[in-house]
Amino acid sequence: AQTVTQSQPEMSVQEAETVTLSCTYDTSENNYYLFWYKQPPSRQMILVIRQEAYKQQNATENRFSVNFQKAAKSFSLKISDSQLGDTAMYFCAFMNYGGSQGNLIFGKGTKLSVKP
Amino acid sequence: DTEVTQTPKHLVMGMTNKKSLKCEQHMGHRAMYWYKQKAKKPPELMFVYSYEKLSINESVPSRFSPECPNSSLLNLHLHALQPEDSALYLCASSQELRELNYGYTFGSGTRLTVV
């Protein structure tokens, strides 16, 4: 069974600084997707960034980038130039490629607070 | 329209009540999902619909009854719930069950309180 582990329950960062959120996962599959979702107090889960396991190049989306280490099964999220609006719960998630269940498996989340 | 709309946003119901949660999307997505999220926990999958047919039921108690009347609409019918069923219920959709170029699109959820 696949598992996703986020070892940092809470983190804080000063506005404009850079912060890295950690995520590790366990799977015996070779092809899969990894995601970071953001859930602000408004509750809506918003996709931040996604990575296909077969791609070696790390995904980037504006201020958000990942460090994907497939052999180590690590998928960290770096937020540059942190903004107050980045304050949210961040969930790392995993899904098998081509899996029949279409089930996103979430980590327990990291609560990020951006301080002015 | 790039949204998943859930109604109501908040719901308080008694243990003998019958109520329904509604989820709607007009993005042409053919897979729709119900998740349950307890406070400070990650979402947990309840049901998956693909092309309006129930694809997955994650051993959810029968007091939760999903329905997909058409490709744009997903309902969750609630009956005889328990206080421990109080949670945020999230609906999501994706283009296909296994098409994840854009991940899932989530709604803002219904905050359910059972009294």
Side-chain angles (χ1 to χ4, degrees), chain A residues 1-10 21 23 25 29 31-55 59 61 64 66 75 77 88-112, chain B residues 2-11 23 25 27 29-51 53-60 87-112:
Chain A
Q2 291 87 6
T3 58
V4 177
T5 302
Q6 293 179 249
S7 58
Q8 306 148 314
E10 292 193 40
L21 309 184
C23 173
Y25 58 93
E29 302 293 331
N31 293 321
Y32 47 87
Y33 291 95
L34 293 162
F35 304 87
W36 278 97
Y37 277 88
K38 165 185 176 181
Q39 188 176 37
S42 65
R43 309 179 322 201
Q44 184 172 13
M45 296 279 281
I46 301 166
L47 178 63
V48 175
I49 199 165
R50 60 184 277 275
Q51 174 87 38
E52 292 105 323
Y54 66 87
K55 288 188 177 178
E61 286 288 341
F64 299 89
V66 297
F75 183 61
L77 175 69
M89 197 75 172
Y90 286 81
F91 291 99
C92 179
F94 169 99
M95 181 182 292
N96 269 336
Y97 178 81
S100 60
Q101 294 194 358
N103 185 10
L104 265 180
I105 299 169
F106 289 91
K108 292 187 176 182
T110 297
K111 184 179 181 181
L112 176 67
Chain B
T2 58
E3 290 188 349
V4 172
T5 303
Q6 289 187 245
T7 55
K9 293 193 182 306
H10 301 273
L11 178 62
C23 173
Q25 57 87 15
M27 296 176 282
H29 287 179
R30 304 315 299 262
M32 296 185 76
Y33 312 81
W34 279 115
Y35 277 84
K36 174 182 178 179
Q37 186 179 21
K38 301 284 277 185
K40 299 184 181 181
K41 299 288 186 183
E44 295 178 347
L45 183 67
M46 299 176 72
F47 301 105
V48 179
Y49 273 83
S50 178
Y51 285 85
K53 294 191 188 307
L54 183 64
S55 178
I56 295 171
N57 176 344
E58 289 287 341
S59 302
V60 179
L88 180 67
Y89 288 84
L90 291 167
C91 176
S93 68
S94 63
Q95 288 177 326
E96 299 276 349
L97 191 62
R98 293 185 287 274
E99 173 52 64
L100 294 176
N101 280 335
Y102 303 101
Y104 288 8
T105 301
F106 281 87
S108 296
T110 294
R111 176 77 65 194
L112 174 67

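Keep in mind that this is a model prediction, so the values were computed, not measured. Order of the sequence lines fixes the chain letters, A, B, ..., with proteins taken first and strands second; residue numbering starts at 1 for each chain.
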- Whatever's closer than 4.5 Å to a heavy atom in chain A on B/Gln6 counts as neither

- Message: Less than 4.5 Å apart, side chain to side chain, heavy atoms only: is that true for A/Gln39 and B/Leu88?
- Response: yes

- Item | Between B/Arg111, B/Glu44, B/Lys40, the one whose heavy-atom pairs under 4.5 Å with chain A are most numerous | B/Arg111

- Message: For a quick test of reading the model, state the closest non-hydrogen atom pair linking A/Arg43 to B/Lys9 and the distance between them.
- Response: NH2-O, 3.3 Å

- Note on the structure: B/Pro42 and A/Gly107 have their tightest heavy-atom pair at CB-O, 3.0 Å

- Query: With respect to chain A, which residue among B/Ser50, B/Pro43, B/Gly109 yields the maximal number of heavy-atom pairs within a distance under 4.5 Å?
  - Reply: B/Pro43

- Pairwise side-chain contact, A/Leu104 with B/Tyr104, heavy-atom cut-off 4.5 Å (strictly under): yes

- Query: Which atoms form the tightest heavy-atom contact between B/Phe106 and A/Gln44, and what is the distance?
  - Reply: O-NE2, 2.8 Å

- Nearest 0.5 Å, what's the CD-CZ distance between B/Gln37 and A/Phe91? 5.0 Å

